[in-house]
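Convention: sequence-line order gives letters A, B, ...; per-chain numbering from 1.
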Amino acid sequence: MAALSGPERERLLEEIAPELLAELTETHEHERELPALQGAEGGVVMRFAPNPSGPLHLGHARASILNDYYVRRYGGRYVLRIEDTDPRRVDTEAYGMVLDDIEWLGLGITDIVYQSDRLDIYYDWCKKLIEIGGAYVCLCDAERFRDLKLQKKACPCRDRTVDENLELWQQMLDGEFYEGDATVRVKTDLTHPDPAMRDYSAMRIVNTPIHPRVDATVFPLMNFSVAVDDHLLGITHVIRGKDHIANTGRQRHIFDYFRWKSPVYYHYGRMGISGVVLSTSSMREGIRSGLYTGWDDVHLGTLRAIARRGIEPEAVRNAMVDIGMGETDITFSWENLYARNKEVIDPKANRYFFVPDPVEVTVEGAPVHEAHALLHPGDPERGIRTLVAEGVILLPRADIAGRSMVRLKDLYNVRIAWDGDTPHLTYAGEALEDARREKAPIIQWLPAGAGIPCTLHTQDGDVEGFCEPLVAGEVGNVVQFERIGFARIDSVEDGRVSAYFAHR
RNA sequence: GCUGCUAUAGUGUAGAGGCCAAUCAUGUCGGCCUUUCACGCCGACGACUGGGGUUCGAAUCCCCAUAGCAGCACCA
């Protein structure tokens, strides 16, 4: 079979199985089906709950896309809940960045809530929890409590009456305590084998810094606000990382105290991402020190950084759905993401020549020749680029090194004689067959003077060269630099193109 | 240390006792197509962590070991 040519194969296939031939011409969409969600048939309410401390990165993409996938599949609502209950971890500019990133990802968000708008709701439920004996105000310092907890011992505060607790709670709200002096704890099982589960905090005081959106000093901790919100917002299913397993256990206590029906939880495994910086604090520090150009620096794992590199949201989505929500720890594969991106980008990207590290040469005996190359080999209707070769051309240094003959794509063949490091080129005819016969590589080129300067930014550094003038009209698009790879044209300034390398 | 989760090819993934000498994708290699080392097509390579047990039969169930990960905050 492999010995047959393409047309021969098609003819053969038509004889034995015509229906397969039709199938062949369809593009293969590998839509992966994720496992069904328990009890989701009637629709779901799910949520994506980022902390506004910086822009979204690939880790957020997994959580948000998996949830989005199921909302699309079953129908329902998708709540964006901004979890800004820790003034220390709130960055004013991040509110906007998170929204931008979500839009870029194309999430089907139906509702947006800010937890900082809901403090009174948490206060209210906290009071109720105290009233039913499910929580108490603890005046111990954190370290003392920790020691007691590890010994499965109650702290003295645990025995206070409901009225005493209510009074102390009111004092917390009235600002009569300072940071660290008082906290509201949920009464759980002190003998629980997992120390993480014992009498955790629900409310605490933060005096500084002041919250950018709300004037308050008492804030809920996530296990309280998340439980209250998940119930109030009617969340049916929660998909999140395994780092939240213990939190799920803690949140169940709240659901049990109030006799609420808890959502169905799924916890996917840890996803290691190598090659980029992900930690918000080191990104911020790097930007401050000038190590990175900004939140979209190509060395970062933010969505805006990979977007700048020409990765499309659809590719990110497909890559994340491929990964799914398995509980196994995995290492994120850039290779697989690039493959997904290529599926999206290849049909769209126009082809152009980019000559990196150019060497200018004169081709002896060459006629003036106008080259016509397709903008896209798979879509001739898109048109052509025209390049006029008048004898002096630019060639990629690395591609002619050591060669005695090359073919300039869509132009003609040249022979190369080497005088030390200096190449002397002579015209060697137009016949493609000659180049084939001599196994001469077909390389990209540019007429000297016609190309425009271009910097190709890669994660390993910048590559200087020249590209076709038409590239200047592709700002914001991903193009393919033939034989080099895909790149997103970022900007054109003073006639100089700035492009970011995506992948081969 | 305590508590818990996980363990299929280089990477990701399917597989919920016989249909599995294990799926799909990606990758690598070879070939075809092609005036790109792109796309497309054909083919090859490549895995059930180890050991016990249950069973007529186990990648699938149980136990032990090993490894990885998570949590044990008045962060999310």
Side-chain angles (χ1 to χ4, degrees), chain A residues 1-10 24-25 27-28 30 32-35 49-53 83-86 88-89 138 140-142 145-146 149-150 179-185 192-198 200-206 219 221-223 225-226 240-247 249-250 267 269-272 318-319 321-324 326-340 342-343 345-347 349 351 353 371 373-374 376-379 399 407-413 430 432 435-436 441-444 480-486 504:
Chain A
M1 196 65 188
L4 300 177
S5 70
E8 282 173 322
R9 274 193 215 135
E10 270 180 37
L24 248 180
T25 52
T27 359
H28 282 193
H30 352 264
R32 187 161 114 75
E33 175 104 336
L34 256 28
N51 167 251
S53 57
E83 302 206 334
D84 55 349
T85 53
D86 180 1
R88 274 188 258 284
R89 291 189 44 160
C138 177
C140 303
D141 70 63
F145 179 84
R146 183 174 169 275
K149 177 184 75 176
L150 288 176
E179 198 165 318
D181 290 346
T183 183
V184 176
R185 293 190 181 281
H192 190 108
D194 185 351
M197 228 49 82
R198 303 173 196 154
Y200 61 90
S201 279
M203 286 284 178
R204 52 101 178 238
I205 298 167
V206 181
F219 291 92
L221 283 125
M222 66 109 63
N223 285 307
S225 48
V226 163
R240 55 180 176 181
K242 71 194 280 186
D243 48 321
H244 286 295
I245 285 179
N247 293 322
R250 291 192 267 227
H267 299 101
R270 184 195 143 82
M271 180 169 78
N318 290 339
V321 172
D322 279 348
I323 287 168
E327 294 174 70
T328 320
D329 300 328
I330 59 163
T331 51
F332 174 78
S333 166
W334 289 99
E335 199 176 63
N336 290 353
L337 174 62
Y338 293 158
R340 286 316 201 180
K342 198 184 271 183
E343 290 174 349
I345 244 65
D346 185 79
R351 270 59 172 171
F353 289 159
L374 290 169
H376 195 293
D379 184 10
D399 284 311
R407 178 176 179 81
L408 309 186
K409 185 168 180 285
D410 303 301
L411 194 65
Y412 45 60
N413 307 325
E430 282 186 45
L432 179 61
R436 285 261 159 80
I442 299 169
I443 65 171
Q444 77 278 26
Q480 189 201 50
F481 286 140
E482 296 198 40
R483 304 201 326 123
I484 290 173
F486 295 92
R504 291 192 60 84

Same-atom distance (C1') from G12(B) to U23(B), integer angstrom = 13 Å
Just do the side chain to side chain contact (heavy atoms under 4.5 Å, CB included) check on R185(A) and K149(A) with the steps written out, would you?
-> CA-CA 12 Å; R185(A) 293 190 181 281; K149(A) 177 184 75 176; over 6 Å; no
What protein N or O atoms touch nucleotides 1-4 of chain B N or O atoms at under 3.5 angstrom, if any, and at what distances?
residue	atom	partner	partner atom	Å
C2(B)	O2'	P193(A)	O	3.3

Counterpart residues, side chain to side chain donor-acceptor pair (under 3.5 Å), relative to D379(A) (two or more places apart) = R382(A)
Determine the interatomic distance between C1' on A25(B) and the same-named atom on U8(B); round to the nearest Å.
-> 15 Å
Out of curiosity, T331(A) OG1 to M271(A) CE, how far, rounded to the nearest 0.5 Å?
-> 10.0 Å
Inter-nucleotide C1' distance (U28(B), C5(B)), Å rounded = 34 Å
Ionic contact status for E83(A) with R240(A), cut-off 4.0 Å = no
Check whether any side-chain heavy atom of H376(A) sits under 4.5 Å from a side-chain heavy atom of R351(A), and report yes or no.
-> yes
Looking at every strand, decide which applies to T85(A) at a 4.0 Å heavy-atom threshold: base, sugar-phosphate, or nothing.
-> sugar-phosphate
Which of the following nucleotides, C74(B), A73(B), C72(B), is nearest to the side chain of A196(A)?
-> C72(B)
Tell me: CZ of R270(A) to C1' of A7(B), nearest whole Å?
-> 16 Å
Rounded distance in Å - CE (M271(A)) to C1' (G68(B)) | 17 Å
Whole-angstrom distance between U35(B) and C29(B), as gauged at atom P | 23 Å
Length of the line joining N247(A):CG and C5(B):P, which is rounded to integer Å | 16 Å
Parallel, tilted or perpendicular: which describes the rings of Y338(A) and W334(A), with under 30° parallel and over 60° perpendicular?
-> tilted
Across the strands shown, which category fits P377(A) at heavy-atom distances under 4.0 angstrom: base, sugar-phosphate, nothing?
-> base
Distance between C1' atoms of A47(B) and A21(B) (Å, rounded) | 13 Å
Atom C1', compared across U55(B) and G17(B): separation rounded to whole Å | 9 Å
Just checking D84(A): base, sugar-phosphate only, or nothing, at a heavy-atom cut-off of under 4.0 Å?
-> nothing
Who passes side chain to side chain donor-acceptor pair (under 3.5 Å) against D399(A), sequence neighbours left out?
-> R483(A)
Starting at atom CZ of R250(A), determine the distance to atom P of A73(B), rounded to an integer number of angstrom.
-> 8 Å
Sugar-phosphate only, base, or nothing, as touched by R351(A) at under 4.0 Å among non-hydrogen atoms | base
Are the side chains of I323(A) and N336(A) in touch, meaning some heavy atoms are under 4.5 Å apart?
-> no
Atom-pair distance (CD1 on I442(A); C1' on U35(B)), nearest Å = 5 Å
Between atom CZ in F486(A) and atom C1' in C37(B), what is the gap in whole Å?
-> 12 Å
To the nearest 0.5 Å, how far apart are CG in L411(A) and CD1 in I442(A)?
-> 12.0 Å
Report the distance from atom CD of E482(A) to atom CZ of F353(A), rounding to the nearest 0.5 Å.
-> 5.0 Å
Could you tell me whether D86(A) contacts a base, only the sugar-phosphate backbone, or nothing, with contacts defined as non-hydrogen atoms closer than 4.0 Å?
-> sugar-phosphate
G30(B) and G68(B), which share atom name C1', separated by this distance in whole Å = 37 Å
Can you tell me how far C1' in U60(B) sits from the matching atom in A22(B), rounded to whole Å?
-> 12 Å
Identify each atom pair where a protein N or O and an N or O of nucleotides 10-13 of chain B are less than 3.5 Å apart, giving names and distance.
residue	atom	partner	partner atom	Å
G10(B)	N2	E335(A)	OE1	2.5
U11(B)	O3'	T331(A)	OG1	3.1
U11(B)	O2	N336(A)	ND2	3.2
G12(B)	OP1	T331(A)	N	3.0
G12(B)	OP1	T331(A)	OG1	3.3
U13(B)	OP1	I323(A)	O	3.3
U13(B)	O3'	R32(A)	NH1	3.4
U13(B)	O3'	R32(A)	NH2	3.3
U13(B)	O2'	R32(A)	NH1	3.0

Give E327(A) one of three labels, base, sugar-phosphate or nothing, depending on what nucleic acid heavy atoms sit under 4.0 Å from its own.
-> sugar-phosphate
Give one of base, sugar-phosphate or nothing for G378(A), where a contact means two heavy atoms less than 4.0 Å apart.
-> nothing
Identify whether any heavy atom of A339(A) sits under 4.0 Å from a base atom; if not, whether one sits that close to sugar-phosphate; answer base, sugar-phosphate or nothing.
-> sugar-phosphate
Should the pair R146(A)-D141(A) be classified as a salt bridge under the 4.0 Å nitrogen-to-oxygen rule?
-> no
Can you check whether D84(A) reaches N51(A) side chain to side chain, under 4.5 Å on heavy atoms?
-> no
Atom CG of L34(A) to atom P of A14(B): distance rounded to whole Å?
-> 8 Å
For H376(A) and for R436(A), locate the closest nucleotide of RNA chain B by heavy-atom distance; then report the residue assigned to the nucleotide nearer the 5' terminus.
-> R436(A)
In RNA chain B, stems of three or more consecutive pairs, Watson-Crick or G-U, each with both distances under 3.5 Å, turn out to be B:1-7 with B:66-72, B:10-12 with B:24-26, B:27-32 with B:40-45, B:49-53 with B:61-65
Tell me: NZ of K409(A) to C1' of U35(B), nearest whole Å?
-> 6 Å
For R198(A), all residues meeting side chain to side chain donor-acceptor pair (under 3.5 Å), sequence neighbours excluded | none
Decide whether T85(A) and S225(A) meet the rule of one side-chain donor and one side-chain acceptor closer than 3.5 Å.
-> no
